[in-house]
Amino acid sequence: MHDPKLFQLLTGPAANIRHATQLYSYLLRPTTANHNFADVVMRQFSVMLGGGPGERADYLQRLAPILRQQVEEQQLADVYEKIDLPLAPVLAVMERVGVRVDPEALDRMSHAMEKEVRRLEKEIWKLAGSEFNVNSPTQLAEILFDKLNLQPNARRGKAKARSTAADVLEELSAQHPLPAKIIEYREISNALPKLIHPETGRLHTSFSQTGTATGRLSSSDPNLQNIPIRSELGREIRAAFVAEEGKNLLSADYSQIELRVMAHFSQDPVLVEAFRNGEDIHARTAQEVFGVGPLAQNAEHRRAAKAINFGIIYGLSPFGLAQQLGIEQKEAAQFINAYFTRYRGVKDYLDKILADTRKTGVAKTLFGRIRPIPEINSPQVQLRNFAERTALNSPLQGTAADLIKLAMVNIDRRLAEETLEAKMILQVHDELLFEAPTKERAKLEKLVKEEMEGVHKLAVPIVVEIGVGPNWRDLD
DNA sequence: GGCGCGAGCCAC
DNA sequence: AAACGTGGCTCGCGCC
Ligand SMILES: Nc1nc2c(ncn2[C@H]2C[C@H](O)[C@@H](COP(=O)(O)OP(=O)(O)OP(=O)(O)O)O2)c(=O)[nH]1
Ligand SMILES: [Mn+2]
Ligand SMILES: [Mn+2]
């Protein structure tokens, strides 16, 4: 067959699948956008598929052994057999089960927020001195930079000279009250729930298993991997994702996952020791950058520190860090220096990754998943720089993806074996969301923690944080 | 009505 | 000169 998830959705469980050519194709070329049967056939045989079922079957017969051999040659058979293929039916079931939403709550919010957006729009028009489409960056730029003659900081590149992005508006708000209103307008209009709720009261996403270059999943129609969590307003939307009566939502999220993978790969003694001692690197960075101790830190501090930690290990420049923190480039450069002085092994590892990837042209995860990065040897500076940062990120992001996929397969099996009613309903890159009868809480918590933390032994402990509650916002 | 693109912004 | 990575969605805009 070609697409095992689709097969499961249409036909139900199938035992003994050998060839899933869609997954073969993806494992061989994860950076290719399309893995439709017709596209794969086109790439392999340079023919347009006519559409007849006989022709399809015929090409499938020819295609499968060819791709299979390539998969074996590239040592991808293990990832295929142990991770991606068994995951497909698990994803199909998750899609079919869906997640319950509270339609009234969403409607209430929609109405209230639309009203507020209308009010802000009028205010904005008044401050601007004319009516215009606030949603149009082009029109907004004319108002800000031509009509009101506001001056953006000169240090921006010329390509984005007339950007109206939030951080620019923030700077401009010193000169005029309008930019702040725009920010507020966008905050609300962005949070406006656009989720359509069906009669069943459950929302069904579609997980793509072949949609990312690193091995992560993606979610669409609707995307349930980017439900707001940062702003108070956005969190209202998250609260509309609820458990059925008599049930709980249980969320299990890996702690500092890619940093732990980094510790494993790099063997950096400071990082390894930190994790063995149960330390929180995100909190530590928050402490250093914002000068707030762990107890005084809020979610925003830690979130910002997260972006700094991952930014630095994935090639963030002094320019970028200065931008993120609103500090001088010199100070940012010193911070990055100090960072790699402390985690010297991380720096060495990153250098080695670059050298390796230049040699092989391929990034590889712990489990052998590959991502070709030929641009790393490009003579074009910009292309090469991008490729280098990609090479730094892919093995870590990809390994984290492999770990949770494997855990999902194992959890799915155990839920069946131990006949729990609990259902796995969402995956958000390093988080799994379950819906389960309140009675199953303790059992499920133990099972999930065991399987996620024990999925594979690393040089540092893998830790999972679990939250349980009536909706996706209020968990403890 | 739909496609493709860039800007902007949500999440991990 | 460029200047963390991985995604998807909405919108405006130009176009067919
Ligand atoms: N490059 C990059 N990767 C990120 C960023 N945010 C999240 N990630 C990746 C790395 C994280 O380990 C992984 C999971 O995200 P989480 O929000 O769960 O953060 P993390 O697990 O590191 O910390 P946690 O202990 O769960 O709060 O996704 C980012 O801003 N840049
Ligand atoms: Mn996490
Ligand atoms: Mn997470």
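Protein chains get the first letters and strands the later ones, always in sequence-line order, with residue 1 at the start of each. All of these numbers come straight from a predicted model, not from anything done at the bench.
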Salt-bridged, [X] to [Y], with N to O below 4.0 Å?
| X | Y | result |
| --- | --- | --- |
| A/Asp280 | A/Arg284 | no |
| A/Arg473 | A/Glu236 | yes |
| A/Lys347 | A/Asp351 | yes |
| A/Glu123 | A/Lys126 | no |
| A/Arg119 | A/Glu116 | yes |

Is [X] close enough to [N] that one of its side-chain N or O atoms is under 4.0 Å from OP1 or OP2 there?
| X | N | value |
| --- | --- | --- |
| A/Thr138 | B/dA7 | no |
| A/Ser136 | C/dC13 | yes |
| A/Ser317 | C/dC4 | yes |
| A/Ser220 | C/dG7 | no |

[X] side chain, from C-beta outward: closest of [options]:
| X | options | value |
| --- | --- | --- |
| A/Ala165 | C/dG7, B/dG8, B/dA11 | B/dG8 |
| A/Tyr314 | C/dC9, B/dC12, C/dG5 | C/dG5 |
| A/Leu316 | C/dC9, C/dC4, B/dC12 | C/dC4 |

Counting the atoms with a prime plus P, OP1 and OP2 as sugar-phosphate, which does [X] contact under 4.0 Å by heavy atoms, base, sugar-phosphate, or nothing?
| X | value |
| --- | --- |
| A/Lys194 | sugar-phosphate |
| A/Ile257 | nothing |
| A/Gln139 | sugar-phosphate |
| A/Ala191 | nothing |
| A/Ala166 | sugar-phosphate |
| A/Gln225 | sugar-phosphate |
| A/Ser394 | nothing |
| A/Ser208 | nothing |

Send over the distance from [X] [atom1] to [N] [atom2], rounded to a whole Å.
| X | N | atom1 | atom2 | answer |
| --- | --- | --- | --- | --- |
| A/Ile308 | C/dA3 | CD1 | P | 20 Å |
| A/Gln209 | C/dT6 | CD | P | 20 Å |
| A/Asp221 | C/dG8 | CG | P | 10 Å |
| A/Lys306 | B/dA11 | NZ | P | 11 Å |
| A/Leu396 | B/dC12 | CG | P | 19 Å |
| A/Glu431 | B/dC10 | CD | C1' | 15 Å |
| A/Leu172 | B/dG8 | CG | P | 12 Å |
| A/Gln427 | C/dG7 | CD | C1' | 12 Å |

Mutual orientation of the aromatic rings belonging to A/Phe335 and A/Tyr339 [parallel < 30°, tilted 30-60°, perpendicular > 60°]: tilted

Between A/Phe319 and C/dA3, do the rings stack, that is, sit under 5.5 Å apart with planes less than 30° off each other? yes

Please state the C1' separation for the pair B/dC9 and C/dA2 - nearest whole angstrom. 23 Å

Roughly how far apart, to the nearest Å, are B/dC5 and C/dC4 at atom C1'? 25 Å

For DNA chain B, find the residues of residues 359-393 of chain A with a heavy-atom distance under 4.0 Å and give them by number; none if there aren't any. none

Between the base of B/dC10 and the side chain of A/Arg230, is there a donor-acceptor distance below 3.5 Å? no

Taking N and O atoms by type only, does the side chain of A/Asn226 place a donor or acceptor under 3.5 Å from a partner on the base of B/dC10? yes

Say whether, by atom type as modelled, one donor and one acceptor occur between the side chain of A/Arg260 and the main chain of A/Ser255 under 3.5 angstrom. yes

Given 3.5 Å as the limit, does a donor-acceptor pair link the side chain of A/Gln297 with the main chain of A/Val292, or not? yes

Does A/Asn135 or A/Ala307 map to a spot on DNA chain C nearer the 5' end, using the closest nucleotide for each? A/Ala307

For residues A/His264 and A/Tyr349, establish whether the separation of their ring centroids is below 6.0 Å. no

